[in-house]
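Both backbone and side-chain heavy atoms feed into the values below; hydrogens, waters and symmetry mates do not. Owing to the predicted nature of the structure, the values given are computational and were not obtained by experimental measurement.
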Amino acid sequence: MNSAKNYNDNIVAQPDAVRANQAYDLLRREIVSCRILPGSHVTEPWLMDRYSLGKASLRIALQRLVQSRLISSIPRQGYRIAPVTVKDVEEIFCLRLLIEPCAARLAAGRVNRAQLERLEQICRGQMPEDVGNQIDFFWEANKSFHMAIAIASGNERLQRTLSGLLDEMARLVALGFGAQGVRPNIERDHTMLIEHLARGDADAAEALARQHVETFRSMTMEKVLASLKDAAATIPLQPLARTLRD
């Protein structure tokens, strides 16, 4: 009897769990893409109205977003979207500079050249939609390109670490480049990196991977700072001032 009751309870609960997962995925995409601006204040009624979400599924989603540190709860006031700071940019790129040159060295002579060339073409492709959608499309392809190299390295811990860093990078790219209405210019770095990796030149691949990350760090920092200043009219001034001082 108890087993049957538990089974029936699970059937009833399943749609709620599905809706909660859908709400979480939706809000996470909105936050990571910066369609909900970093540092902004949101409330449950506003989110329910804007995204047509039920209260129960929304609250579960918000709990998960708090655990993911994408938002923080403000008692009796709602939620604050995690700000993007200069410190975030510096820390993420500091780790990328440690990991990606190592990944390139280990992957030299072991990559799937055709796969990398296909991903490189996608990174460069111009999409017909608005710039914001182009940035999303670009970043997914760019992440896949860098993860393909990490996978070829054969180091699973390196892969997991880099995947997490690139997920965090999504907000930096969306805020910096998407808000400024421009796509990142990666020039010929990827093409040259493919050549070194396919040829098995570990020294050249490592050096170019380091140069590529350093160049992208400078570009991202410039664009993020510009977007933070532009957002001063829509994001509360106190968090913004603190962000720019970090």
Do NZ/NE/NH1/NH2 and the carboxylate oxygens of [X] and [Y] come within less than 4.0 Å?
| X | Y | result |
| --- | --- | --- |
| Arg210 | Glu214 | no |
| Arg105 | Asp203 | yes |
| Glu195 | Arg113 | yes |
| Glu44 | Arg59 | yes |

Just wondering, do [Y] and [X] contact through their side chains at under 4.5 Å, heavy atoms?
| X | Y | answer |
| --- | --- | --- |
| Leu62 | Leu47 | yes |
| Arg171 | Ile81 | yes |
| Arg64 | Arg28 | no |
| Ile92 | Met169 | yes |
| Tyr24 | Ser68 | yes |
| Val182 | Lys223 | yes |
| Leu193 | Leu116 | no |
| Ile149 | Ser153 | no |

Rounded distance (nearest 0.5 Å) linking atom [atom1] of [X] with atom [atom2] of [Y]:
| X | Y | atom1 | atom2 | value |
| --- | --- | --- | --- | --- |
| Ser144 | Leu119 | OG | CG | 5.5 Å |
| Ile151 | Gln115 | CD1 | CD | 7.5 Å |
| Glu140 | Leu166 | CD | CG | 10.0 Å |
| Phe145 | Glu117 | CZ | CD | 9.5 Å |
| Asp189 | Ile194 | CG | CD1 | 11.0 Å |
| Leu208 | Glu206 | CG | CD | 11.0 Å |

[X] side chain vs [Y] backbone, donor-acceptor pair below 3.5 Å:
| X | Y | result |
| --- | --- | --- |
| His212 | Ala207 | no |
| Thr215 | Gln211 | yes |
| Ser227 | Leu175 | yes |
| Asp88 | Thr85 | yes |

Could you tell me which non-hydrogen atom of [X] sits nearest to which non-hydrogen atom of [Y], and how far apart they are?
| X | Y | answer |
| --- | --- | --- |
| Ala104 | Ala205 | CB-O, 3.6 Å |
| Arg217 | Leu97 | NH1-CD1, 3.5 Å |
| Ala107 | Ala152 | CB-CB, 3.8 Å |
| Ser33 | Glu30 | OG-O, 3.3 Å |
| Ala202 | Ala108 | CA-CB, 3.7 Å |
| Ile36 | Ser40 | CG2-OG, 3.7 Å |

Single-linkage hydrophobic cluster [X]~[Y], side-chain heavy atoms < 4.5 angstrom:
| X | Y | value |
| --- | --- | --- |
| Leu27 | Ile74 | no |
| Val84 | Val66 | no |
| Leu37 | Ile71 | no |
| Ile99 | Val213 | yes |
| Val32 | Leu172 | no |

Pairwise ring pair (Phe, Tyr, Trp, His ring centres under 6.0 Å) hits with a residue in residues 67-118, at least two apart: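 Those involving residues 67-118 do not exist here.
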Ring center gap for Phe177 and Phe216 short of 6.0 angstrom: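 Distance test on ring centres: under 6.0 Å, yes.
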Aromatic plane relationship, His190 with His146 - under 30° parallel, 30 to 60° tilted, over 60° perpendicular: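 His146 vs His190 ring planes: perpendicular.
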